[in-house]
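All remarks here apply to the structure that follows.
Hydrogens, waters and symmetry mates play no part in the numbers below; they use all other heavy atoms, side chains included.
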Amino acid sequence: MTDLSAHSAEKRQGYDAPLLDYIQRATVSMDWKALGTSQRAALAAAKMAGPAFLKILQALSDRPMTPDEAADATGLSLLTARPRMSDLARPRDPETGRRIAPFIVATGQERRTSSGKPASVMRLATQQEREAWQS
């Protein structure tokens, strides 16, 4: 579990309680496919998830971006930024595994990645979008 006390109140300012609760309890370690390396990688990712979520959210508060752009803006590896953005776009309750309202949403725009493939441009979800969301 991520310790949010390590992050300044200034960085958390503006984030609503459900998001902070999700970041605090996010269990990306549930997302492993097999015993062994997959499980160990997921457990290692879980330790870094909270800080990565906060960095990505801070970057998206400046402007919408693709996972590649978020990785560049935050200094995170693309292999960290991409799955954390997926987690924020399709979050699941850490205890029940049920889908919950997204924290980021696609803008409908796409931009090319460094490899030339199209990637969705993501932005922070509004409170109204989160309230209107249905699974």
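Residues Leu57 and Leu124 form a side-chain contact, since some pair of their non-hydrogen atoms from C-beta on lies under 4.5 Å apart. Using a 4.5 Å cut-off on side-chain heavy atoms (C-beta onward), Met122 and Thr107 make no contact. In this structure the side chain of Pro118 reaches within 4.5 angstrom of the side chain of Arg112, judged on heavy atoms.
Here the straight-line distance linking atom CZ of Phe53 with atom OG1 of Thr80 works out to 11.0 Å at 0.5 Å rounding. Here CZ of Arg90 is found 13.0 Å from CD1 of Ile100. Values are rounded to the nearest 0.5 Å.
Between Pro67 and Ser120, the shortest heavy-atom contact is CD-O, 3.8 Å. Nearest approach of Thr113 to Ser115, heavy atoms of both residues: OG1-OG, 2.9 Å. The shortest heavy-atom contact between Pro83 and Leu78 is CD-O, 4.0 Å. The heavy-atom pair separating Arg111 from Pro64 by the smallest distance is NH2-O, 3.2 Å. The shortest non-hydrogen separation linking Pro91 to Ala101 is CG-O, 3.3 Å. Closest non-hydrogen pair, Ala89 versus Pro102, comes out as O-CB, 3.2 Å.
Linking Ile, Leu, Val, Met, Phe, Trp and Tyr whenever their side-chain heavy atoms come within less than 4.5 Å leaves Leu88 and Val121 in two separate clusters. The hydrophobic cluster containing Met85 also contains Leu76, counting ILVMFWY residues as joined when their side-chain heavy atoms lie under 4.5 angstrom apart, directly or transitively.
Distance alone, capped at 3.5 Å, is enough to place a donor-acceptor pair between the Thr74 side chain and the Ala70 backbone. In this structure, the side chain of Glu131 does not engage the main chain of Gln128 through any donor-acceptor pair within 3.5 Å. The closest donor-acceptor contact from the side chain of Glu129 to the backbone of Thr126 lies under 3.5 Å. Judged by distance alone, the side chain of Arg99 and the main-chain N or O of Arg92 form no donor-acceptor pair under 3.5 Å. Of the possible polar contacts, none joining the Arg123 side chain to the Met65 backbone as a donor-acceptor pair under 3.5 Å is found.
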Can Lys55 and Arg84 be said to form a side chain to side chain contact (heavy atoms under 4.5 Å, CB included), step by step?
CA-CA 10 Å; Lys55 287 180 180 182; Arg84 296 303 70 85; over 6 Å; no
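Taking a cutoff of 4.0 Å between a charged side-chain nitrogen and a carboxylate oxygen, Arg82 and Asp68 qualify as a salt bridge. Remark: Glu110 does not engage Lys117 in a salt bridge, criterion side-chain N to carboxylate O under 4.0 Å.
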